[in-house]
Amino acid sequence: MSELLLKGGRVIDPASGLDRTADVRIVDGRIVEVAPGLAARGAGARVVDCANRVVAPGFVDLHVHFREPGQEYKEDIASGSRSAAAGGFSTVCCMPNTVPPNDNRAITELILRRSAEVGLARVRPVGAISKGLLGESLSEMAEMKAAGIVAVSDDGRPVMNAELMRRALEYARTFDLPVVQHAEDLELSAGGVMNEGPVATRAGLRGQPTSAESVMVARDLELVEWTGARYHVAHLSTARSAALVRDARRRGLPVTCEVTPHHLTLTDLACAGYDTHAKCAPPLRGPADLAALEEALADGTIDAVATDHAPHSPVEKELEFDNAAFGMIGLETAFPLLYRLVVRGVIDLPRAIALLTAGPAHCFGLDAGTLTLGAAADVVVLDLDRTFPVNAGTIQSRSRNTPFLGWELTGRAVLTLLDGRATHDEDGALA
Amino acid sequence: MTAFAHRHLLGIEGLTREEVVQLLDLAGTFHAISERAIKKVPTLRGRTVINLFLEPSTRTRTSFEIAAKRLSADAVNISGQVSSTVKGETLLDTARNLQAMKPDVIVLRHGSSGAAASVAAVVDAAVVNAGDGTHEHPTQALLDAVTIRAHKGRVEGLEVAIVGDIAHSRVARSNLHALTLLGANVRLCGPRTMLPVGIEQLVGERKGQVRVTHRLEEALEGADVVMMLRIQKERAGAVGLFPNTREYSRVYGLSAQKLALARPDAIVMHPGPVNRGVELDPGLADGARSVILDQVTWGVAVRMAVLYLLGTGGEPVAEAP
């Protein structure tokens with residue numbers, strides 16, 4: 001029997017409504033007891049002092065790009081999992097736009113096998129909606145579901161064809177798979193490299209209007225109304241999209257959504273100096289959209305914070321702004337960026353934790369993100385007072401493409417557990 | 001002469017009114033050199049100017065080349081097709097390689113906004129932005145301002161109409177900065193498809209000097225200067241910003257009849273090359289009110305002034321013109 005006792009932390013488990021100072025007993029990789037004043041049972045038990053720390057379920061990220069197979073020079077499942085663990089994540093859902101794409105069970109199985117070999121995070125594959133991500137015909141969703149996918153998406157590209165979207169919603173519903181949309185009308189966004197607005201006008205960069213996103217969300221919601229399928233908006237970024245989702249939920253539609261830490265932190269002003277690290281899809285928006293996202297975060301419209309961790313090498317980023325790739329890494333900065341909103345009083349700490357645990361687990365129906373008895377001991381221990389610089393030398397991801405380089409952030413995962421094993425141990429607590 | 005406080009000229013934005021005036025005054029001095037039989041001064045002897053033009057250009061490239069040669073600099077021209085950017089080398093690698101050959105000035109024309117700024121960040125040479133995407137084209141704005149000043153005696157208080165695709169025009173952006181700095185009032189005119197969100201915010205506290213109108217007649221009424229922009233179909237996107245050149249020229253093209261709305265002594269400008277019969281009635285381009293060729297002449301003088309200020313690296317120059 002292997003026993004681990006996390007002593008004296010503030011235990012926050014939004015799934016069970018728990019928020020109190022308590023000890024967490026983990027035996028053989030499972031949560032077996034959460035209560036104050038626990039004593040070690042066996043002589044070989046390891047005890048971690050968690051006083052002045054927050055103990056929470058390991059974080060769940062609905063949206064990462066681990067680039068394996070095909071673009072391992074940007075990231076692979078091993079480096080991506082290290083990055084996840086360093087950020088406090090124990091479960092990550094990887095998008096299917098690998099090379100070749102995850103549109104069949106062979107790729108799904110490959111990802112799951114590599115994830116098990118690496119053993120640093122549960123990498124849960126998202127399968128393609130369309131074969132080859134081409135937006136033309138349905139992928140083999142049933143077989144991929146049997147192999148282990150948790151959702152379907154053509155992320156990186158939207159499903160432009162409304163008929164295909166309708167059929168995808170119907171077919172995915174048959175197998176109880178949520179459909180995840182990268183909501184972007186490619187005709188409205190064509191050629192746009194940042195948000196359309198005064199900042200783009202000044203910089204002389206072609207903008208994408210916010211309506212490129214909300215037009216697609218509005219269309220999809222009509223199809224959800226028709227099909228009754230589970231629908232999830234990836235990286236929602238505009239006030240109008242948030243309003244549409246809020247309204248759809250009021251009408252009882254099975255709709256969820258996620259927002260990224262960077263859309264909650266930066267505005268399009270970050271693009272003003274042509275920093276290609278600030279180029280992402282959807283683009284960083286204006287201050288009014290950011291304010292609306294904060295409101296949607298606080299009122300519960302947003303279910304999850306997801307990173308859209310999108311590693312790129314200098315080959316894709318050290319280019320003219322027009323030609324640089326979209327996307328930034330995010331796993332290692334996600335919690336501290338979200339914690340800034342707690343410090344500012346936009347949301348409270350349990351809500352922030354919920355957005356990284358129970359919220360995302362609910363969106364995809366994942367058995368993760370909780371400290372309930374019997375659950376796998378996926379746990380994160382957070383030091384809310386720890387300040388650290390974001391610098392190229394300490395990033396665990398293989399890529400360095402983040403506009404937060406040089407920032408000082410506060411709030412850090414100091415210990416991440418997967419099945420009770422340390423996958424990240426900043427202070428050597430279990431060394 | 002006071003030193004110029006900038007190592008590069010990436011845009012008009014960020015310059016002070018005094019700096020713009022300094023450049024215009026200096027251009028006036030150099031203008032005279034182009035009128036001489038021997039059009040050459042030794043000011044930049046031994047200095048190397050690389051004209052890196054990665055977007056098609058004849059007029060601007062030639063203008064910079066002549067400007068460099070009249071200052072006795074060694075001018076090297078690299079054009080889009082011969083550059084290594086088509087061989088898969090990135091712009092920044094090209095810039096680093098050129099830098100290794102120790103040029104004093106790199107003049108860059110590039111199709112992407114921000115290109116000049118990113119090159120400036122990796123080279124020691126002074127960088128002159130000769131047009132980056134739809135961002136800025138500072139020497140064009142300077143030559144426009146100095147041409148206006150030559151014809152009107154001043155820029156302050158003038159009413160300047162800029163007509164056309166403001167959204168995709170680096171000329172309009174640079175002119176908006178320069179003309180408002182110099183105290184002119186600017187009317188921006190075009191259909192709504194050609195006027196970008198927040199254009200008046202470009203000039204911050206000077207936004208009171210900017211007026212946006214969609215009616216050409218309103219833009220022309222009482223104007224001292226009418227600047228027509230070239231319609232560039234390649235920048236318009238798949239659907240386009242207007243139905244066809246016929247309708248565009250009927251609604252937004254400048255004819256003698258419409259020009260009558262402007263002040264009787266109003267001048268007509270165009271950054272070139274002109275689409276005759278589209279934005280400008282064929283007769284007007286060569287008419288008495290047109291100063292289009294004066295703009296080209298002033299272009300050489302302005303570029304001499306810029307190369308002089310940046311190419312000497314701020315050192316005092318013995319043979320000032």
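Lettering of chains follows the sequences in order, A, B, ..., and the numbering in each one begins at 1.
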Taking all heavy atoms of A/Asp322 and all of B/Ser112, pick out the closest pair and write down the distance.
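So the two residues come closest at OD2-OG, 3.0 Å.
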
[X] portion near chain A, given a 4.5 angstrom heavy-atom threshold:
| X | value |
| --- | --- |
| B/Glu13 | side chain |
| B/Leu202 | both |
| B/Arg173 | side chain |

Among residues 65-72 of chain A, which residues come closer than 4.5 Å to chain B, judged by heavy atom distances?
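Hits under 4.5 Å: none found.
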
Taking heavy atoms only and a threshold strictly under 4.5 Å, list by residue number the residues of residues 198-214 of chain A that touch chain B; give 'none' if the list is empty.
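Counting heavy atoms that sit under 4.5 Å from chain B, the residues of residues 198-214 of chain A involved are A/Pro198, A/Thr201, A/Arg202, A/Ala203, A/Gly204, A/Leu205, A/Arg206.
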
Mark yes when over 12 heavy atoms from residues, nucleotides or ligands other than B/Glu205 sit less than 6.0 Å from its CD; otherwise mark no.
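Atom CD in B/Glu205 is not crowded, with 12 or fewer foreign heavy atoms closer than 6.0 Å.
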
I'd like to know whether CD of A/Glu187 has more than 12 heavy-atom contacts from other residues, nucleotides or ligands below 6.0 angstrom.
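Check fails, neighbour count at 12 or below.
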
Let me see the working for B/His135 and A/Tyr274 under ring-ring contact (aromatic ring centres under 6.0 Å, His included), right down to the final yes or no.
CA-CA 11 Å; B/His135 176 225; A/Tyr274 306 101; 5.5 Å; yes

What I'd like to find out is whether the side chain of B/Thr90 reaches to under 4.5 Å of the side chain of A/Glu318, using heavy atoms alone.
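A side-chain contact under 4.5 Å is absent here.
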
I need the B/Leu91 CG to A/Asn323 CG distance, nearest 0.5 Å.
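Rounded to the nearest 0.5 Å, the CG-CG separation comes out at 9.5 Å.
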
